[in-house]
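Shown next, in structure tokens, is the structure this report addresses.
Remember, predicted model here, so these are calculated numbers, not experimental data. Lettering follows sequence order; numbering is per chain, from 1. Basis for what follows: all heavy atoms, side chains included, without hydrogens, waters or symmetry-related copies.
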There are 2 protein chains.
Amino acid sequence: MSGKAIADRPEAEAPRRDRRAERRDATRAEILEAAWALAGEQGLTELSLRDLGDRVGMRAQSIYSYFDSKHAIYDAMFQESNEELLRRMQVVRDTAGTPNERFLLGARGFVEFALEDLSRCQLLFLRTLPGFEPSPEAYAPAVLVLELARERLAEIGITRPEMLDIWTALLSGIMQQQWANDPGGDRWKKLLDDVIAMYLAYAKKRKS
Amino acid sequence: MSGKAIADRPEAEAPRRDRRAERRDATRAEILEAAWALAGEQGLTELSLRDLGDRVGMRAQSIYSYFDSKHAIYDAMFQESNEELLRRMQVVRDTAGTPNERFLLGARGFVEFALEDLSRCQLLFLRTLPGFEPSPEAYAPAVLVLELARERLAEIGITRPEMLDIWTALLSGIMQQQWANDPGGDRWKKLLDDVIAMYLAYAKKRKS
DNA sequence: GTCTATACACCGATAGAC
DNA sequence: GTCTATCGGTGTATAGAC
């Protein structure tokens, strides 16, 4: 239907800016930014569309022009954060040094990321949101993050799948306990190096 | 104020049954039982007082005669479950055998308990309920459970506080990953013995 | 004391006017 | 795209019947 009209215009093949789409994306980003701010202030689960609307200067119902549902907002936040984590882990992968150094860097970077923001940690790793299941697209970067962890472990000779599962459980346990029993502190965070030493010693003994 | 009245009655010192209190406690127990059933069916956070009222054959508002609020129901469930866990861990403590056997028994018993019921696990260990903070009374048995864990560790020569924190992180990580990524399965549960071996080897090397 | 009836304020979501 | 109006749901509170 629009094919002929476009072909008629000389500038059709040049990458024309879609101002409407740009504006829409900008508003979406603004809403997400406000959502993060509100989640940080009142808690992830306490986020309400009415508060969110107030924050961005529109009625709550108008948000539905930008997101299909509240869960869609959470989903976008989930994806956004996972992409940020993926970027950090890719930096680790591309860092010069020994495989062991990269493994350490990845472990510390991950824990630091997980302990930076409670709402983000709850959204990504702890299952705090009642009915929330991330969409496949939003989950995709998380799969890549796990793949990078597998690579870092393989680089230091740890390839058995069970050892990867143990590794994720170790990190998961540290961040869970840290947020649950000493939020903002470092009681479990500071044990990370000990846990890493424990894990590596065991992996060496098990020879994989 | 009632001191004199009681002293006036000859039968005051005999343990008289308070039928009213008995009936009240029975109804409270009935409500809690229904709450567990609903939590199991729809999820812990999806529990609503109206559904709960339907289940026990009263209007939702009447529940307030037995519990001050929805959180008070969660609090009673929290306490109930922690007392059950405490009982199990006390059985472990009183079991004949070597300290090492008791430690193993406690570890496996705890993980089994944590993986028996998602709602219970969320209520007790994962922080799934938005604003829920257990009351001191409800939390008391949890403190005793931790104390028993400390004892089991001390019996096998592990006394450093950091080693207790690592231990709780290990168990926490296993149950977190199991429920989050393989609910109902045993992908992480079956790694418990490996994790225990890893932990004990590290503790031995660290000599505490 | 325990129930019913009614209400309030909030929530996510939808329909339709402009 | 943003609004108003409205819906069915929630936890919570209170007044009053019995």
ask   = Less than 4.0 Å between a side-chain N and a carboxylate O, is that true for Arg152(A) and Glu101(A)?
value = no
request  = Please tell me if the side chains of Met163(A) and Leu153(A) come closer than 4.5 Å, counting only heavy atoms from C-beta onward.
outcome  = no
ask   = Does Arg93(A) pair with Glu151(A) as a salt bridge, N-O distance under 4.0 Å?
value = no
message = Tell me the interatomic distance from Leu129(B), atom CG, to dG11(D), atom P, rounded to whole angstroms.
response = 12 Å
task = Can you establish whether the number of heavy atoms outside Asp68(B) located under 6.0 Å from its atom CG is more than 12?
result = no
request  = Specify the residue among Gln61(B) and Ser48(A) whose closest nucleotide of DNA chain C lies further upstream toward the 5′ end.
outcome  = Gln61(B)
DNA chain C contacts among residues 62-71 of chain A, heavy-atom distance under 4.0 Å = Tyr64(A), Ser69(A), Lys70(A)
key: Lys/Arg-Asp/Glu bridge criterion (N-O < 4.0 Å) met for Arg19(A), Glu22(A)   = no
query = When all nucleic acid strands are considered with a 4.0 Å heavy-atom cut-off, which category describes Leu47(B): base, sugar-phosphate, or nothing?
reply = sugar-phosphate
message = Any residue in residues 49-59 of chain A with a heavy atom nearer than 4.0 angstrom to DNA chain D? Just list them by number, or reply none.
response = Met58(A), Arg59(A)
key: Exceeds 12 heavy-atom contacts within 6.0 angstrom, atom CD of Glu33(A)   = no
query = In terms of heavy-atom contacts, does CZ of Arg160(A) have more than 12 from other residues, nucleotides or ligands at under 6.0 Å?
reply = yes
ask   = Crowded around Glu84(B) CD? As in, over 12 foreign heavy atoms under 6.0 Å?
value = yes
request  = Flag the pair Trp167(A) / Phe110(A) as yes when their ring centroid distance falls below 6.0 Å, and as no otherwise.
outcome  = no
request  = Decide yes or no for Trp179(A) and Gln122(A): does some side-chain heavy atom of the first lie under 4.5 Å from some side-chain heavy atom of the second?
outcome  = no
ask   = Looking at Leu32(B) and Met77(B), what are the two nearest heavy atoms and their distance?
value = CD2-CG, 3.9 Å
key: Nearest-Å distance for atom pair CZ/P, residues Phe132(A) and dG12(C)   = 15 Å
request  = To the nearest Å, give me how far apart CZ (Arg28(A)) and P (dT2(D)) are.
outcome  = 13 Å
request  = Enumerate the residues from residues 34-46 of chain B whose closest heavy atom to DNA chain D is under 4.0 Å, giving them by residue number; use none for an empty result.
outcome  = none
